[in-house]
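A short worksheet on the structure shown next.
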Amino acid sequence: MNENLFASFITPTILGLPAAVLITLLPPLLIPTSKYLINNRLITTQQWLIQLTSKQMMTMHNTKGRSWSLMLMSLIIFIATTNLLGLLPHSFTPTTQLSMNLAMAIPLWAGAVTTGFRSKTKNALAHLLPQGTPTPLIPMLVIIETISLLIQPMALAVRLTANITAGHLLMHLIGSATLAMSTTNLPSTLIIFTALILLTVLEVAVALIQAYVFTLLVSLYLHENT
């Protein structure tokens, strides 16, 4: 394959205009909805999964935190569907772009932190200084805790970007090796192709797990501040 290893991460364009916005709007259109009183099995399963995830994620929150449930469920569905669509051949995965992940992480983190400073100012400030800290270490620990607080959205975005990008690169490399060896060594090709199938199944799991982890960490940040 003569294709560049990182070609699949380049933002596609249509007539010279970035198509990332259209690709980002595509996943919500794939979520089935029903206008009938009795739903089919697909929609029933979908609603059951959403209720299960929502219940597990919102159990630890108070009333103010549970007001974010719709946003968090929309977030996990969007990231999961975007990651899964990116596994299709000749497709583009927006979550491999650090800029997009930062655009999701920073507003949610800032909203959670702002909520904490507005509703629980003393508790929010207390997180910057662990209890029982010796007096000479107070300035240093305040700086360290402030930096750790500010890098939380960066950690969210980098974690999602790195995991999705690494999986796509590994699939690309194994796929290229399978194609290159298909005309020279058939037994080795079958072994590598089997590994590629197993890796694809693993990447499907990773796509769902990373969506859950991203949303769960945002939920934990919210829990600390409500």
Side-chain angles (χ1 to χ4, degrees), residues 5-6 9 11 20 24 53-83 86 93-170 202-203 205-226:
L5 183 62
F6 295 94
F9 303 112
T11 304
T24 303
T53 307
S54 177
K55 181 179 179 180
Q56 183 178 3
M57 201 169 292
M58 294 290 110
T59 302
M60 59 183 174
H61 289 281
N62 55 20
T63 304
K64 181 177 292 187
R66 291 176 182 177
S67 63
W68 284 51
S69 59
L70 180 60
M71 181 184 299
L72 294 179
M73 288 303 102
S74 301
L75 178 66
I76 190 173
I77 291 173
F78 171 75
I79 297 177
T81 51
T82 303
N83 291 345
T93 312
T95 47
T96 58
Q97 306 297 312
L98 183 60
S99 57
M100 176 178 172
N101 296 334
L102 284 173
M104 292 190 296
I106 291 178
L108 293 170
W109 168 84
V113 173
T114 303
T115 301
F117 275 99
R118 290 183 60 184
S119 60
K120 297 182 178 180
T121 306
K122 292 184 178 180
N123 291 338
L125 293 176
H127 288 162
L128 300 180
L129 184 62
Q131 188 176 4
T133 304
T135 304
L137 297 179
I138 288 179
M140 182 183 301
L141 285 180
V142 170
I143 295 175
I144 293 175
E145 291 296 329
T146 303
I147 294 175
S148 66
L149 177 66
L150 295 177
I151 66 173
Q152 285 179 351
M154 177 64 73
L156 271 177
V158 170
R159 180 186 292 105
L160 180 59
T161 303
N163 282 280
I164 301 301
T165 303
H168 284 219
L169 288 175
L170 190 56
L202 177 63
E203 283 303 309
V206 169
L208 299 176
I209 291 172
Q210 288 304 315
Y212 179 77
V213 169
F214 188 96
T215 310
L216 180 62
L217 290 175
V218 173
S219 178
L220 291 176
Y221 296 156
L222 177 64
H223 177 63
E224 292 177 355
N225 292 278
T226 54

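Under the 4.5 Å side-chain criterion, counting only non-hydrogen atoms from C-beta, Q56 is in contact with Y212. Between R159 and L217 the shortest side-chain heavy-atom distance falls below 4.5 Å. Side-chain atoms of L149 and W109, non-hydrogen and from C-beta on, do get closer than 4.5 Å to each other. In this structure, the side chains of W68 and M58 stay at 4.5 Å or more apart for every pair of heavy atoms. Contact of the L220 side chain with the M60 side chain is registered, since non-hydrogen atoms from C-beta on lie closer than 4.5 Å. Between L208 and N83, every side-chain heavy-atom pair lies at or beyond the 4.5 Å cut-off. Counting heavy atoms from C-beta on, the side chains of L108 and L75 come closer than 4.5 Å. No side-chain heavy atom of N62 sits under 4.5 Å from any side-chain heavy atom of R66.
Side-chain polar atoms of T96 and H168 form no donor-acceptor pair below 3.5 angstrom. There is no side-chain donor-acceptor pair under 3.5 Å between T115 and N225.
Side chain of T114 to backbone of G111: no donor-acceptor contact under 3.5 angstrom is found. Looking at S148, its side chain does come within 3.5 Å of a backbone N or O of E145 through a donor-acceptor pair.
In terms of heavy atoms, P94 sits closest to M100 at CB-SD, 3.1 Å. Heavy-atom minimum distance, A157 versus F214: N-CE1, 4.5 Å. When every heavy atom of P153 is checked against every heavy atom of A105, the shortest pair comes out as O-CB, 3.6 Å. Nearest heavy atom pair, residue A207 against residue I164, reads CA-CD1, 4.5 Å. Taking each heavy atom of L72 and S219 in turn, the nearest pair found is CD1-CB, 4.0 Å. Of all heavy-atom pairs between T161 and T165, the closest is O-OG1, 2.7 Å.
The structure places CD1 of I77 at 11.0 Å from OG1 of T82, a figure rounded to the nearest 0.5 Å. Atoms CD and CG, on Q210 and L160 in that order, are 6.0 Å from each other to the nearest 0.5 Å. In this structure, OG in S67 is found 7.5 Å from CG in L222, a value given to the nearest 0.5 Å. The line from CD of Q97 to CG of N101 is 8.5 Å long, rounded to the nearest 0.5 Å.
Atom CE of M154 sits in a sparse spot, with 12 or fewer heavy atoms from other residues, nucleotides or ligands closer than 6.0 Å.
Residue I143 forms a side-chain contact (heavy atoms from CB on, under 4.5 Å) with just one option from T146, L141, I147, and that option is I147.
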Subject >> Pair E203-L170, side chain to side chain contact (heavy atoms under 4.5 Å, CB included): steps then yes or no >> reply: CA-CA 10 Å; E203 283 303 309; L170 190 56; 5.9 Å; no
**OP:** Let me see the working for L156 and V218 under side chain to side chain contact (heavy atoms under 4.5 Å, CB included), right down to the final yes or no.
**Re:** CA-CA 8 Å; L156 271 177; V218 173; 3.8 Å; yes
